[in-house]
Structures are given as C-alpha cells and as structure tokens.
Amino acid sequence: MAVISKKICMVGDFGVGKTSLIRRFVERQFSDRYLSTVGVKISRKMLELQDAQQQSQEMKLMIWDIEGQTKFKAIAPSYLQGANGVLVVGDVTRQETLEHLEEQIHKFTEINPQGAVAVAFNKADLLDSEEMAYLQTHFQLSHPALVGTFSTSAKTGKNVDPIFEQLAYQIWHH
Amino acid sequence: MPISSQNSVPRPDLSQAEVQSNPTPSSPQGLDSLEGLVDLLDDLNIVEESPPPSPPPQENAANPSPPRRPLPPPPPPKKPGQTTSSKSSKGAERPSKPPPPPKTTIPPQGSAPRSESPETGEKLRELLLDLLDADATTVSQEVADKLHHLEAELHNPQRLAQVLEPMFLMLLQHKIRQSPQAVGEMLGQIMDVAIAQGTKQDKIAMSRALAEALTLALSQQTGNAPQEVGQALGPAMGRAISEQVRLEKDAMVDALYPVIGHTISKYMGETVTRINQQVESAFSLQGIYRKLKSQWQGVSEAELILQESLPFTVQAVFLIHKNSGLVMAEVQQSGNSALEGDMLAGMLTAMRSFASECTIQPENTSELTEIDYENFQIVMEVAGYCYIAAVTQGDPPTRFYDQLEDTLSAITLNYNDDRVIQDYQGDPSTLPPAIEELLRELLEHPVTVPQKRPHFPTGLFVLGGVVSLLILLPVGMVWHRQQVAHRQEEEVLAALEQTPELAVYDFQAEVQGGKLELTGKVPNAQLKEQAAEIAQETHPTLEFNNQLLAVQVPPNRGAILAEMERLQQVFNEMTGVEITANYEPRENRVIVEGKVMAQPLARQIAQGFEQIPGVQSVLFTLNNQEFPTEARIYFDTNSADIAAQERENKILPLVEFLQENPQVGLQVIGHTDRSGEEEYNENLAVRRAQAVQRAIEQEGISRDRLQGEGMTQSPPTIPAESPFWLSRVVRFEVIQGTDE
Ligand SMILES: Nc1nc2c(ncn2[C@@H]2O[C@H](COP(=O)(O)OP(=O)(O)O)[C@@H](O)[C@H]2O)c(=O)[nH]1
Ligand SMILES: [Mg+2]
C-alpha cells in the first residue's frame, strides 16, 4: 500500500520543549541549548504502523513546529489548517503553560474538528514521580479528540516515541 | 510572522547566515552606474546649459582628472543589523545618530577635513575677488565697512564665517543677476563637492532639497531623452532597490531567506557561496531589475533574458494541497538528484501563508506566486484547494505562466470528483493518475517561446511595499513613451482574439518605429492571410510586416479551454440546454454532461465543440430524464384519463417549464399499444393526446403552443418486444419557436 502523508502540528507555549521533542523523535538527539524557533519549521518522519489485524501502513509524518505563541501573538490559523493531529505540549515546571493546554486544544479542534490530539507533560525528568502524579490529576484534561496525556521527557526520551506513535495510529484508524 | 526551515539536518544559525551575507553591492552595477547617474545629473537642467568646465588651473599633472567627475564613493556598506531603516524593529539597539549640524553655507573650520579644499578654496576666493572687483562701484558702504571689519577678524574662523555669510549671499545674488553664466560655470565645478558635503552633514535635508529639483528635472529630461534616463537610472535603480531590501531585511527578507536559501540550496545542490550572493539580490533583484529595465528601455524582456540566462527548463513540478502542504502529485526530471518534494511543499505552504499574512491591506488578497533566484525559480499557480509549484531554471517565459494556469484549471475542473482534491487526506492513490500526466507535460514540454506582453508575476507584488516608492517615479515617466506602442499592440491582439477562427492561436504583435510586425503560428495560409488583414485594418497607418508562419500547430490548451467555456455559455443560453463541458487532454476529447432538450440541439452542440481546433471528438453523457419535456404520461388500458400522480409529477412541471420558456411549443403525441383494433386505437391515441393538451391548457398555457397528434405504434424508442404499458403513453416533442 502506498505511503500516506499526514500533517501534524506542535502547539504550546514558548520554551516548553516542542522543538526538543521533535529533535528527539526525528534525530534521536537532545540539546540543552535553547534554539528559538522562528515562525514555522517542518520535519519529517516515516512510521511503520501496524494494527491488531496485522495490517500495516507506512505513514509519512510532516511535523510542523510552531513558534511559541504566548510571547508575541496567537498562532495563525493557516499553520494549523489541514493538520490531522496535534501534539499540545506543556512544561511541568511552569504551571502556567499547563493552564494554557485546554485553550490550545480548543483552538486546534476548532480549525480541525476531525483532528486527533495528544498532550505532553514535558520535562518530566525534572520532577519526581509524586509531583508528576499530582500534576496529572490536577490538570486533568478531557476532550473527545484527546488520544491521551503522556508525561514525556525530550531529555531522557521517555514516552517520546509512544506519544507520536499513538497520535499517528489514531490518525490512521480514525 | 517570520519563518525558518528545518530539515532533518541541523541548520546554521540565523545570525550566521546574516554574517555570511556580504552586503557589498553586486559588481555589475558598480561605478558604471554611478558614472551614469553623474552623466545624467550633468545633463539635467540643474546647472544651466553650461559649456564643459575647463580644467582647474592647479591641475595636478600626475593625477589628470577624468572628463566627468565621479561622485564621491558611496558610504561604506553597513554592517548587518546596523541600519537606517526607521521600520527596523531593532531601532533601539542602533547607536543613535548625532543630531545634524547646523546648516551653514560655509562649514566652520575644523569640521570635516576637506582634502579638496585647496582647489575649492582657491575657486571661492577667486569668485569673491571677482565679485568684489566687478561690483566695486555699487557695493554699499555697509559692505565696505564689513570688509574692513573682516580683515581684522580673519584670524578668527568662526567669526569670519558669521560675518561672511550674509555678505557672501548678497554678493552672490548680485553676481547672479549680472552674469548667471559665470556663476553657473563656477558653481558647476563645485556642485558635486557641495552635494557630497551637504549629504554628509544632513542626508535627509539634502535629499529633500534635491528631490524636488530632481523630480522636475527628471520629468523634463524624460521628455527630451527618455532612453538616456532609462539607461542611466536602470543600473542605479537596481542598486537602490537592492539597498532598500537589504535595509528591510529585518522585516522580511531576513526571515524568509534562511528558509528559501537553505531549503533550495540543499535541494538544488547549489554552493553556499552562490546562495550568499543571492541574499544580496534577495528575491531576485536581478529579476525585478530586469523586468523594470525592460519596461524602461523598451527591450523585450525576452531579449534581456537571452542575454543573461540559461535556457528555460522545468526541473520539477508539484501539485500541493493548499491547507496541509502535503504533496498530491509530483514529477521530476530524471537524472536530477531528487528534490525532496514533501519538505519543499511544506515550506512553500508555510511561506505562502506567511506572505499572505504580511500583506497589509486585508482587501489585498495577493498570493505569493513566485520565488525567484537568479538561475532558478519556484513558480506557483494557485487554485482554491491546491496549487502547482514548478521549480524552473532560467527565467520562465510569460507563456509558461499561462500554461501553468491551464494545467491547474484542467486539474481542478476535471479531476475534483467527489472533492478528492479539497478533501485530500495524504493518500496519493485517491487521486486520478491523469493528474500526474498533466504535470509531466509541464515538465517535458514547457512552452519556451517568450511572448511579448508585459506581465508582472503577482508574486513580485509581495515586495511592492518595499520597492514601490523607488520605482513609481521612473516607471511612471518612461511608461508613457511605451504606452502608445503597447496600446497599439494590444489593439491588434484584441482584434485577432475577437475573430473566432483566430482566437485560439497565439500571436505576438510588435510596434516599433511606425512598423507593425505580427508573428505567430497558424495552421494554414488562409488563416495567415486573414490574420494579416485584421491586423492591418486595426492600424492602417503602420507599415505592416507579416511574419506569421502557416504550419500545423498543436493549439494551446488554454485556448481550447477558453473556447470550450465560451461555447458552453453560448449553448446554455439556448432554451432546453443545460450542459457542462469538460476537456480530456489525453484524448483531446470534450465530454459534455447535462441536459439537452432535443436531438437536433445535441447535434448542433457536438458540431460546435468539434470545431474547436485540437479537439478530436465530443462525447455526450446526457441525462435528459430530468427535462419535463422528456416526461411520458402513462395510461391504463383503453383509458384516456390522466392519473393524479401523472398530473402532479409530470404535467405540472411541464407547465412550469412552458411558462419559463414562452418561445417553446410542444407536439403532444398520443400512443397506444399494439393490442386491439387499429381504428379504435387511432381514436384512443388522439383522445389521450387531447386529454393531455387540455390538462396543460387548464394550467394557463395557450392552445397555440400545443399541437396534438395520435399514433397507433409504440414511441420510436420503445422496441416492439417491450411490455405493452410502455406504449400506452403521451410523449412530447419540442417545437423550437422563435429560436430558429
Ligand atoms: N530537562 C529538560 N529540558 C528540556 C526538555 N525539553 C526541552 N528542554 C529544554 O527546554 C528549553 C526549551 O526547549 P525547546 O524545545 O526549544 O522549546 P520550544 O520553544 O517549545 O520549542 C531548551 O533549553 C531545552 O533544552 C526536557 O524534557 N527536559
Ligand atoms: Mg521551538
């Protein structure tokens, strides 16, 4: 079967680790250096998906990384248009970024009602598991399009592949 | 919002890219252009018709001065980031400019060191002496006193300046009244120095002062010698635009460059050095400049292109989904290192939205349609849900844009069944393979004949805000001269386009020096003759040169589509025709869908489409069932009573149709099945027809429009072995009334 291509977007405040998550996922790398993303940046990753019936599908993810939007202005809807899924990212060390998650999900699903949503509580390596557990219950999110909430770390690689793969799988078997 | 690109490869920092971009002006328009400007200034009426200045007396023999003095060299290129643009967002970081020094006619000593001063000083002194001498008798006592005073104060330069200023002016005025020629000559020699100095002191004030004079002078000179103005301004303008864009880099070019430069250079295998040169002429200033130059100088753009660029080739063509930026179809030259279409498509899509966000006026819905690098471009043609991006090398001829447009409209018109294009979900196999074939045609058979019609790719208007200030003035001036010729050319082309037989061919008309030359290809000598006649009639006063070729040409697809559309419109205006025509390029076939009320009409329509040059066949897929005139009223055995549902479903819509189309008349034909007596059947058939006729009349349709008739056979379309009930009908035939 032919490769299908899908566009997914990264959304989240400035500095939460969107770019780092992509780098981990696509290039298997992490850097402490902060590379600010200007505008939009596109990366590509091939995935081989398989479902319970052993059917497989090659998927080409085109990942759009969008500049952090709190600092200057809202994300342009045109960047979100035509996306099949979104990874909404918050930084567990900065509560306010988690408070924005809901609104960010809303914004995406408004433009892409059919799109799938995954949420990353990123930089999980900086908190202990107790604190993480607290945050995840405290910032409980629910949305029909939500695939799942993951505690991730771009630094250690924790849950990075799973979150992207879950999102891709959801998009495929939508 | 600015954009950057990221492939799976780390990219250099933005700042790095900036540093690499060496802002030294590109060489082709170096000193030459300045010299041109100086020549121009000299020729302008700023200095009244003065003879060429004689060499200054204290000429340094080892350093003979050139016949024309060049302006002092331009200020050194600014470092990136250090900019004088007031729009720069980094304004606060810039070192603030020192306030302009007070304007004085003679700069106070100790200000800028003046290497030219010995000569200039000497001149001024001479002038002063001359003035004093010539006017000794009329100089007032006041002046004499002041002069006296002056002597005493000579050692104090500041004081000297103060004292000298009003007097100097007075004397000068006087002298000018007496012999303007001499003053002009004198001032002419120091004008360049004065301007340079003034500029150094207060650039803005100087520009303001000069601008007024220049504008007037330019417009006058443009009338006198437009060619010269064009030549002189051309190169300088290129530089000016280049400079301007460089200053605006913060705002836009800077943001876009890393994307374009980086992505493209990687894909095109261009060297980094090369790309850095491109920063200099960001957005192909070369390209813009060339287009302007062609406007100014009346040289066809094509000639300029030939002079400076590679033959035009298409490297790759992509069909891209507008929303998601996903590639829907792509074709590439074989042997090329494959372009990564998906990345390119994503970036282009992001940039396009960036560009549209950047347009200031909301009503200005301009699209980014061209990204231009000296030797390769990405040309885009945009439709509602998708766009084509063609990566080309060499400057695209104007007709290539038309070809793109045709291809895209063929795709969107013919292959968007079930909304496969707008609802594209990333699976190329959902799209008809014919799309790829259309793209391949662009790749393999791009039109390469440039057409001489002014055509600014709309993409350039993205830069409009930046360059418009600079180009408005000169374009406005030279435009006029070109206008007359252009208008005549357009008139000839319009006349040809209005002739149906000729409308589908491409003609080029060129008016120059009272001559009209017509070029192009037509399929036979007769059409050639006809075209020539029409062209000549349009402008009988012009000497006519017929360069048309009579050869078998494949007509261009755009023309076919256009003609098809026109015919479709014509036919749809006829009563009882509701069709859409689609073109199938592979078979050169027109497919007509919809409804046609009567057979003769369908024949007429078929003939119409067949006559379009290049169309091989016409295929009808008509659905006439929906026409109320196609309805058949069924009857029970031996009955002429109209059933209620037949009345409701068939007669009433038919009446409505007749009301809407008052020129249509109907033949109402009653039929019977084959059972029963012939005589009885005859009567029954007529009764059925009359019943229907009456029913129609009762709804307000005039009897004159209906002719009744009875037949004892089955209707022509019902085969003999069919069930009987199919023949117990009344059917209708349309009588085209006033239409024919
Ligand atoms: N410790 C830790 N630091 C992270 C993680 N993800 C990102 N960072 C750091 O957070 C900063 C911002 O990351 P970046 O990916 O540029 O954020 P973005 O603005 O959302 O793209 C950088 O200094 C990263 O090194 C993570 O999972 N753990
Ligand atoms: Mg980032």
Side-chain angles (χ1 to χ4, degrees), chain A residues 1-10 18-19 22-23 25-29 31 33-46 57-69 71-85 111-112 114-115 168 171-172 174, chain B residues 1-15 17 89 250 252 254-259 262-263 320-330 340-358 385-386 422-431 433:
Chain A
M1 196 179 179
V3 179
I4 56 172
S5 311
K6 298 288 175 183
K7 166 180 171 179
I8 66 171
C9 293
M10 305 292 290
K18 299 181 295 294
T19 308
I22 295 175
R23 284 197 78 194
F25 181 56
V26 175
E27 297 164 37
R28 308 324 235 175
Q29 281 179 10
S31 149
R33 201 157 59 98
Y34 182 76
L35 280 173
S36 93
T37 312
V38 187
V40 71
K41 197 170 68 175
I42 298 172
S43 313
R44 172 189 49 200
K45 172 90 175 180
M46 296 295 300
Q57 171 69 54
E58 250 192 299
M59 186 182 282
K60 186 195 284 176
L61 281 187
M62 302 300 295
I63 309 169
W64 290 46
D65 184 8
I66 293 159
E67 126 190 274
Q69 60 268 33
K71 200 128 184 234
F72 305 106
K73 59 165 188 171
I75 329 166
S78 53
Y79 288 141
L80 297 178
Q81 266 167 18
N84 296 93
I111 294 170
N112 300 295
Q114 309 292 320
I171 291 168
W172 176 36
H174 177 61
Chain B
M1 191 192 301
I3 294 166
S4 76
S5 110
Q6 167 90 350
N7 190 11
S8 317
V9 171
R11 73 201 169 96
D13 271 359
L14 223 77
S15 54
S89 56
D250 280 349
M252 55 183 297
D254 202 24
L256 282 183
Y257 164 66
V259 180
H262 206 71
T263 314
I320 301 167
H321 191 232
K322 206 168 160 187
N323 268 354
S324 63
L326 298 174
V327 176
M328 308 176 80
E330 62 175 288
E340 294 187 70
D342 48 1
M343 297 296 289
L344 188 71
M347 288 320 304
L348 282 177
T349 307
M351 280 167 56
R352 287 177 35 73
S353 50
F354 163 74
S356 63
E357 269 165 50
C358 270
Y385 302 100
C386 59
Q422 66 226 67
D423 294 343
Y424 182 65
Q425 286 297 321
D427 185 356
S429 64
T430 57
L431 297 172

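Naming: A, B, ... by sequence-line order, numbering from 1 per chain.
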Quiz item: Relative to chain B, which segment of K45(A) carries a heavy atom at a distance below 4.5 Å: side chain, backbone, both, or neither?
Solution: neither
Quiz item: Atom CG of L344(B) and atom CD1 of I42(A): how far apart are they, to the nearest 0.5 Å?
Solution: 10.0 Å
Practice problem: Using modelled atom types only, decide if a donor and an acceptor are shared between the side chain of K6(A) and the backbone of Q425(B) within a distance under 3.5 Å. | Solution: yes
Quiz item: Can you tell me how far the OG1 atom of T349(B) sits from the NZ atom of K7(A), to the nearest 0.5 Å?
Solution: 7.5 Å
Self-check item: For G82(A) against S324(B), the heavy-atom pair lying closest together
Solution: O-CB, 3.2 Å
